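Below you'll find the structure, written out as structure tokens, and then a few comments.
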Amino acid sequence: MRRDRSERIAAEATAWLARLESTGRTPSTEAGLKAWLLADDAHRRSFERAMDVWAIIPGAAELLAASLSPARKRSGFRHFVEHGRALAMAASLLIMCFVSGWFLIDGSTTYSTVVGEQQVATLEDGSRIALNADTKLKVHYGKASRSVQLDKGEAMFEVAHNARRPFTVEAGNKRITALGTSFIVRKTGDSVAVILLSGKVRVDTLDAGTAPRATATILAPGEQLMAAAQSPEVVTRTSAEAATAWRRGQIVFDETSLSAALTELGRYGGQHIELADPRLGGLTVSGVFATNDTAEFAHAVAALHDLRVERSDSRLLLTRR
């Protein structure tokens with residue numbers, strides 16, 4: 001679960017801080033810490049919180065330095081390490097209490113997936129969020145509201161009904177409000193798509209800040225709202241089967257340009273497909289394909305448009321015959 005991951009990262013941040021305080025800043029320690037911080041933004045944030053907590057522990061650094069008397073210092077490095085570890089562990093426990101409390105007070109949890117990864121999260125009220133590949137969102141639950149900020153990617157929401165605690169999703173300049181419903185929101189660049197699978201949702205357009213405009217769009221099941229910044233909204237009918245195909249490991253294209261199809265397929269990983277001639281990107285493709293088999297897709301497109309597939313260890317190249 002994401003909370004477990006947050007606590008694990010907090011523990012790692014505490015361990016790094018204790019290591020620095022107990023052994024000093026050696027080049028190898030600093031190099032290891034730098035690599036750990038650069039590996040994930042969550043590492044950096046957690047380490048900064050741990051440092052904040054460490055700073056408010058009265059005399060923590062001085063206590064560690066003074067804990068070794070001159071006689072003990074002369075007794076050798078082994079005693080230094082053992083005593084330092086004991087004190088560092090005690091300080092770590094205190095830091096962990098503060099860090100865990102931070103997450104509880106903040107009330108927010110971030111969920112994210114990388115290319116080729118999908119994830120399902122069950123929230124405290126029973127609502128479920130399925131994240132498609134390369135997606136990032138933040139969930140905040142308050143006493144009177146449930147809100148999600150979708151930064152990028154695509155997610156399917158199955159919302160537990162609670163009229164006194166509205167469930168909203170913000171993506172770009174759109175705010176989607178739902179009560180006991182199932183829907184998909186996708187954010188790509190400045191474009192936002194909302195697909196209603198069941199129930200009812202209201203889509204508001206937010207002006208500067210968070211104030212919604214006077215008008216709103218109400219979607220019915222099977223409708224899709226498409227909007228880009230500075231462009232009018234477009235509502236069309238869509239297929240729920242196609243919209244949720246990614247939950248079954250599939251992807252559906254309907255007269256989609258080859259360049260757009262390759263961009264979409266790239267979210268799911270697999271062997272990279274390239275075009276020998278950029279003009280091939282204007283060809284269209286239709287059909288249902290497996291998200292985890294780019295080779296199958298490449299050969300299907302080649303058969304459809306009389307192309308040739310050249311294979312190497314790192315890529316598949318589509319060329320004209």
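All values derive from a computational prediction rather than experimental measurement.
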Does any part of the side chain of [Y], heavy atoms only, come nearer than 4.5 Å to the side chain of [X], both counted from C-beta?
| X | Y | result |
| --- | --- | --- |
| Leu283 | Val301 | no |
| Val194 | Leu196 | no |
| Val139 | Leu123 | yes |
| Leu318 | Val309 | yes |
| Gln118 | Thr135 | no |
| Glu264 | Phe253 | yes |
| Ile184 | Glu154 | yes |
| Val285 | Phe297 | yes |

May I have the step-by-step check of side chain to side chain contact (heavy atoms under 4.5 Å, CB included) for Glu241 and Arg248, ending in yes or no?
CA-CA 10 Å; Glu241 287 294 309; Arg248 304 183 298 275; 3.6 Å; yes

Give the ring-plane orientation class for Phe167 versus Phe183, where under 30° counts as parallel, over 60° as perpendicular and anything between as tilted.
perpendicular

Please lay out, stage by stage, how Asn132 and Arg186 fare under the test side chain to side chain contact (heavy atoms under 4.5 Å, CB included).
CA-CA 9 Å; Asn132 201 352; Arg186 178 167 181 170; 5.9 Å; no

Under a 4.0 Å N-O cut-off, is there an ion pair linking Glu124 with Arg146?
no

Salt bridge or not between Lys152 and Asp134? Use side-chain N to carboxylate O under 4.0 Å.
yes

For Lys138 and Ser108, work out which heavy atoms get closest and say how close.
CE-CB, 3.2 Å

Ignoring hydrogens and geometry, is there a side-chain-to-backbone donor-acceptor pair from Arg128 to Glu158 under 3.5 Å?
no

Gap separating the [atom1] atom of [X] from the [atom2] atom of [Y], nearest 0.5 angstrom:
| X | Y | atom1 | atom2 | answer |
| --- | --- | --- | --- | --- |
| Arg315 | Glu310 | CZ | CD | 7.5 Å |
| Arg308 | Arg321 | CZ | CZ | 7.0 Å |
| Ile195 | Arg237 | CD1 | CZ | 12.0 Å |
| His161 | Thr181 | NE2 | OG1 | 11.5 Å |
| Thr109 | Leu137 | OG1 | CG | 10.5 Å |

Is it true that Thr205 and Glu233 share a donor-acceptor pair across their side chains at a distance under 3.5 Å?
yes

One pair to check against side chain to side chain contact (heavy atoms under 4.5 Å, CB included): Lys200 and Ile218. What are the steps and the verdict?
CA-CA 7 Å; Lys200 181 185 293 186; Ile218 307 296; 3.8 Å; yes

